[in-house]
Amino acid sequence: MSKTLIVIPCLNEVEHIDNLVREMANQISLDNATIVIADGGSTDGTVQILEKLSEDFSNVEYLHNPKRIQSAGMNLAVTTFGNDAEFLIRMDAHADYPKNFCQILIREAQHKNADSVVVAVETIGIEGFQKAVAAAQNSKLGNGGAAHRNVGADGEWIDHGHHALMRLEAYRAVGGYDESFTHNEDAELDARLRKAGYKIWLTDKTHHTYYPRTTARGLFKQYYNYGYGRVRTILKHK
């Protein structure tokens, strides 16, 4: 069976990371997958949780990411642990994933002969401001009709989607993530994949849920940074 490298970029996720990693570690067979949590310098107790997780599970590795940003964390994890892996799966520390998520991605990549398999995202809010944000992000007005925000739609070949799986051969061929990008690094990488002739499949066989920011200030900062990254992507790729 092909070996898989699962990477979770992380920063100050003390409320989410333990449950996520334990659930995924119990799903993954020990002989074909490694879970790496690339932490960008958490100060809220997350690091202590990661150290305990790496002790409890032989297929979990804690990796300090000195450059802090997600793009650098992904590249460092691939360089450190990905030498003999065929597939790279990126997961979000601020999300929930269904059972067999990774297995479905791999089957889709093999069945479709895809170089990258992306997924749709459903945003969920627990209460108050977060719940209102989730409703907006799930609406066509809020997400602009992006294919990867339409849970339940048919699978299709697309130019960009929420990153889930990539073949490491394709990832390395285009140079991995651009570490000058603090945000929108996924769309920028997809642009290079498509220019190089690689194929991106949006699967309809699985998706994941995401929990948005709980304050207006946090949401504004996130979208400001996203917009800045998007402009940089447009300028870089014309």
Side-chain angles (χ1 to χ4, degrees), residues 7-13 38-41 65-79 88-95 114-123 133-134 136-151 156-168 170-203 207-213 215-238:
V7 182
I8 308 173
C10 177
L11 179 64
N12 292 330
E13 290 290 353
D39 183 82
N65 169 22
K67 295 184 179 179
R68 298 181 62 86
I69 60 175
Q70 295 184 81
S71 54
M74 292 296 301
N75 289 343
L76 181 61
V78 169
T79 301
L88 169 65
I89 293 177
R90 175 175 175 171
M91 304 185 77
D92 194 323
H94 214 66
D115 303 296
S116 174
V117 178
V118 297
V119 296
V121 180
E122 180 181 13
T123 306
V133 172
Q137 291 182 347
N138 287 328
S139 70
K140 190 171 183 179
L141 178 63
N143 61 44
H148 63 277
R149 298 307 298 265
N150 186 10
V151 174
E156 60 178 307
W157 297 103
I158 62 173
D159 292 328
H160 168 60
H162 193 86
H163 277 191
L165 175 146
M166 281 177 278
R167 293 183 186 269
L168 273 166
Y171 178 91
R172 291 191 177 102
V174 299
Y177 286 101
D178 184 338
E179 295 184 15
S180 70
F181 277 70
T182 60
H183 295 78
N184 206 230
E185 74 283 348
D186 52 350
E188 193 282 324
L189 177 54
D190 281 348
R192 282 184 282 125
L193 286 171
R194 295 290 295 125
K195 284 184 177 181
Y198 293 107
K199 299 183 297 181
I200 302 171
W201 174 251
L202 173 62
T203 179
H207 70 280
H208 78 78
T209 56
Y210 171 78
Y211 298 95
R213 299 297 189 270
T215 65
R217 181 178 181 179
L219 185 70
F220 175 82
K221 182 178 179 180
Q222 179 188 25
Y223 271 81
Y224 177 87
N225 289 331
Y226 169 77
Y228 174 74
R230 189 64 178 165
V231 169
R232 287 200 63 213
T233 300
I234 293 169
L235 292 175
K236 179 176 178 179
H237 294 284
K238 309 303 179 186

Report task. Go through the structure and list residues passing salt bridge (Lys or Arg N to Asp or Glu O under 4.0 Å) with K67, not counting sequence neighbours. Result ->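 Scan of K67 (salt bridge (Lys or Arg N to Asp or Glu O under 4.0 Å), adjacent residues dropped) gives E179.
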Side chain proximity check, [X] to [Y], heavy atoms < 4.5 angstrom:
X: K195; Y: V174; result: no
X: L193; Y: M166; result: yes
X: K199; Y: D115; result: yes

Might you point out which heavy atoms bring [X] and [Y] nearest each other, and give the distance in Å?
X: E156; Y: I158; value: CG-CG2, 3.4 Å
X: I69; Y: T182; value: CG2-CG2, 3.9 Å
X: G73; Y: A38; value: O-CB, 3.8 Å
X: R192; Y: G176; value: NH2-O, 2.7 Å
X: E188; Y: D178; value: OE1-CB, 3.5 Å
X: D159; Y: I200; value: O-CD1, 3.4 Å

**Report entry** Aromatic centroids of H163 and Y177 separated by under 6.0 Å
**Finding:**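 Here the rings of H163 and Y177 have centres that are less than 6.0 Å from each other.
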Straight-line distance of [X] [atom1] to [Y] [atom2], nearest 0.5 Å:
X: R90; Y: L165; atom1: CZ; atom2: CG; value: 13.0 Å
X: M74; Y: N65; atom1: CE; atom2: CG; value: 11.0 Å
X: N75; Y: R172; atom1: CG; atom2: CZ; value: 10.5 Å

Query - Counterpart residues, side-chain hydrogen bond (donor to acceptor under 3.5 Å, both in side chains), relative to S71 (two or more places apart) - result: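 Once residues adjacent in sequence are excluded, S71 has no partner under the side-chain hydrogen bond (donor to acceptor under 3.5 Å, both in side chains) criterion.
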Is there a donor-acceptor pair under 3.5 Å between the side chain of [X] and the backbone N or O of [Y]?
X: D190; Y: R194; answer: no
X: S116; Y: W201; answer: no
X: R167; Y: Y171; answer: no

Requested in this report: Among I89, L202, T203, find the one that has a side chain to side chain contact (heavy atoms under 4.5 Å, CB included) with V117.
Outcome: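 Result for side chain to side chain contact (heavy atoms under 4.5 Å, CB included) with V117: T203.
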Requested in this report: Report the C-alpha distance between H160 and D186 in whole Å, list the side-chain angles of each, state the deciding distance to 0.1 Å, and finish with yes or no for side chain to side chain contact (heavy atoms under 4.5 Å, CB included).
Outcome: CA-CA 8 Å; H160 168 60; D186 52 350; 3.7 Å; yes
